[in-house]
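What follows is a short report on a single structure.
Keep in mind the model is a prediction, meaning the values are calculated, not measured. These values consider heavy atoms only, across backbone and side chains, with no hydrogens, waters or symmetry-generated copies. Every chain is numbered from 1, with letters handed out A, B, ... down the list of sequences.
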Number of protein chains: 2
Amino acid sequence: MQKTSYEGMQCPIARSLERVGEWWSMLILRETLFGFTRFYELEENLGIAPNMLSRRLNALVEAGMLEKCAYTTRPIRYEYKPTDRARDFADVLLALLSFGNRHFAPEGKSVTVIHDETGIEAVPVMVDARTGIPLASPAYRWVAGPLASQSTRERYATDRRLGSSGLA
Amino acid sequence: MQKTSYEGMQCPIARSLERVGEWWSMLILRETLFGFTRFYELEENLGIAPNMLSRRLNALVEAGMLEKCAYTTRPIRYEYKPTDRARDFADVLLALLSFGNRHFAPEGKSVTVIHDETGIEAVPVMVDARTGIPLASPAYRWVAGPLASQSTRERYATDRRLGSSGLA
DNA sequence: CAGTATCCTGTCCGATACTG
DNA sequence: CAGTATCGGACAGGATACTG
């Protein structure tokens, strides 16, 4: 996760990773989204060293993912509230959760998402909100816009789809 | 991304990151899903050093994300085909792409996903395939299963939902 | 072309000690 | 409690040279 490796990258995936790609950042974001916003809560829940926590929190504030708010004065104490941008990151966490449950949970799932009313476990999938169709299907194509680099545009000149098994 | 930090972690998100959390791994997976499966293609497309590429490829094979297949003999040459597990990872990449486009694309989006028939840009969202309802909504709850650790179960004893703004 | 071998640097991360 | 300061280790990642 070196600065040099992604500096100037135009790929949106790389850009996302640039801001929140560190290992702890994702887990910190998850905790804050669940309402654990104080230093000691994060420290306890995650078992993270205080210096690392401090560093990551500052980076996340810098990236516009967390907002540093005083929740008490004398002494001054801050909590780290997720911004809209962080809330927007929830889908990434859900995707990772789902993937982990499906593939790296040999002894069973430890955490799942359920429909509150029915209690039935959700089947997470990325879809187009406009059509309801899964994005990882041949009905969807990745395209490079005019702002993409020349090389990127070349690579996306041919059809680039997920979900089509005979792609290669 | 040290081994020590996530060894023995039971959180599915941490588990996912454990296998594919490295910066390059995600981008390599994206390329292979688009059909770029040869060493030189990946080297060119990503601008990655050959030793790093070799290291990451072996790790991804080890993690069951890529399959090493000879595509020619004399001399023996291998390509790295994405497994079903890797295809299952597409949603994570889509989530990262979407997030990056929405929040870290100041000069505009470089790569987007479009509906092939209509050419209309997709609006990616994680939903429950069973109901079509977005998972980052109050209708869904995160719960700890019996296999979660004691501390995890305690943390999820109270309602843990995304999407409810007044959570904290 | 498809890698491997070596060396180097940055930095993530952990452990610990310290301060208001 | 909420951090900061400092130290050290492990490793991702880069650069380069080399082999079949």
Side-chain angles (χ1 to χ4, degrees), chain A residues 1-9 11 14 17-29 31-32 36-63 66-81, chain B residues 1-9 11 14 17-29 31-32 36-63 66-81:
Chain A
M1 215 71 55
Q2 291 181 102
K3 273 252 165 52
T4 50
S5 62
Y6 46 69
E7 248 169 30
M9 275 271 194
C11 164
L17 294 172
E18 175 180 354
R19 315 303 177 99
V20 289
E22 283 87 22
W23 197 81
W24 282 119
S25 300
M26 307 233 196
L27 302 182
I28 291 171
L29 282 174
E31 294 300 307
T32 61
F36 301 107
T37 59
R38 320 279 240 222
F39 198 91
Y40 77 98
E41 289 177 316
L42 296 167
E43 199 174 2
E44 283 175 15
N45 289 349
L46 297 171
I48 184 177
N51 58 344
M52 278 311 303
L53 179 55
S54 178
R55 204 184 297 175
R56 293 292 98 212
L57 284 174
N58 288 329
L60 287 169
V61 168
E62 185 75 18
L66 296 179
E67 197 189 353
K68 189 173 182 173
C69 305
Y71 66 88
T72 183
T73 46
R74 193 158 46 255
I76 186 87
R77 289 286 181 270
Y78 298 98
E79 64 184 336
Y80 300 86
K81 299 213 268 198
Chain B
M1 214 69 59
Q2 293 184 104
K3 274 252 164 54
T4 50
S5 62
Y6 45 70
E7 249 170 29
M9 276 274 194
C11 163
L17 295 172
E18 176 179 355
R19 314 303 178 100
V20 289
E22 283 87 22
W23 197 81
W24 282 119
S25 299
M26 307 233 198
L27 301 181
I28 291 171
L29 282 174
E31 293 302 306
T32 61
F36 301 107
T37 59
R38 321 276 241 226
F39 199 91
Y40 77 98
E41 290 177 315
L42 296 167
E43 199 174 1
E44 282 175 18
N45 289 350
L46 297 171
I48 183 177
N51 58 344
M52 277 311 302
L53 179 55
S54 178
R55 206 185 294 175
R56 294 291 97 213
L57 284 174
N58 287 330
L60 287 169
V61 169
E62 185 75 18
L66 297 178
E67 197 188 355
K68 188 173 183 173
C69 306
Y71 67 88
T72 182
T73 46
R74 194 161 44 252
I76 185 87
R77 289 286 180 271
Y78 298 98
E79 64 184 335
Y80 299 85
K81 300 213 267 198

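In the set C:dC13, C:dG20, D:dA12, C:dG20 carries the atom at the smallest distance from any side-chain atom of A:Arg77. Looking at the side chain of A:Pro50, the nearest of the listed nucleotides C:dC12, C:dT16, C:dG14 is C:dT16. Comparing C:dC13, D:dG14, C:dA2 against the side chain of B:Arg38 picks out C:dA2 as the nearest. For A:Ile48, the side-chain atoms get nearest to C:dG14 when compared with the rest of C:dA2, C:dG14, D:dG13.
If you find the closest nucleotide of DNA chain C to B:Glu44 and to B:Ser54, the one lying nearer the 5' end belongs to B:Glu44. Each of A:Asn51 and B:Tyr78 was matched to the nucleotide of DNA chain C holding its nearest heavy atom; the match closer to the 5' end belongs to B:Tyr78.
As rounded to whole Å, 9 Å separates atom C1' of C:dT11 from atom CE of A:Met52. What separates CG of B:Leu53 from C1' of D:dA12 is a distance of 14 Å, to the nearest Å. At whole-Å resolution of the value, CG in A:Leu17 and P in C:dT11 are 17 Å apart. Following rounding to the nearest Å, A:Arg56 (CZ) and D:dT4 (P) show an atom-to-atom distance of 13 Å. Whole-Å rounding puts the B:Leu42 CG to C:dC1 C1' distance at 14 Å. Note: CH2 (A:Trp24) to C1' (C:dG14) measures 10 Å, nearest angstrom. Whole-Å rounding puts the B:Glu43 CD to C:dC1 P distance at 8 Å. When the P atom of D:dA10 is taken as reference, atom CD of A:Glu22 falls 21 Å away, rounded to whole Å.
Among the atoms of the strands shown, base atoms are found under 4.0 Å from some heavy atom of B:Phe39.
Within the structure, a side-chain polar atom (N or O) of A:Tyr80 is placed less than 4.0 Å from OP1 or OP2 of D:dG3. Put simply, A:Arg55 has no side-chain N or O that comes within less than 4.0 Å of OP1 or OP2 on C:dT11. Using a 4.0 Å cut-off, no side-chain N or O of B:Tyr71 falls inside it from OP1 or OP2 of C:dC1.
With both pairing distances under 3.5 Å, C:dG20 is matched to D:dC1 as a Watson-Crick or G-U wobble pair.
Two residues are said to be in side-chain contact when any heavy atoms from C-beta on lie closer than 4.5 Å; A:Lys68 and A:Tyr80 meet this criterion. Residues A:Arg38 and A:Tyr40 meet the side-chain proximity criterion, which asks for heavy atoms closer than 4.5 Å. B:Thr73 has its side chain within reach of B:Ile76: a pair of non-hydrogen atoms, C-beta onward, lies under 4.5 Å apart. Counting heavy atoms from C-beta on, the side chains of B:Leu57 and B:Leu42 come closer than 4.5 Å.
Judged purely by atom type and a 3.5 angstrom limit, B:Glu41 uses its side chain to pair as donor or acceptor with the backbone of B:Thr37.
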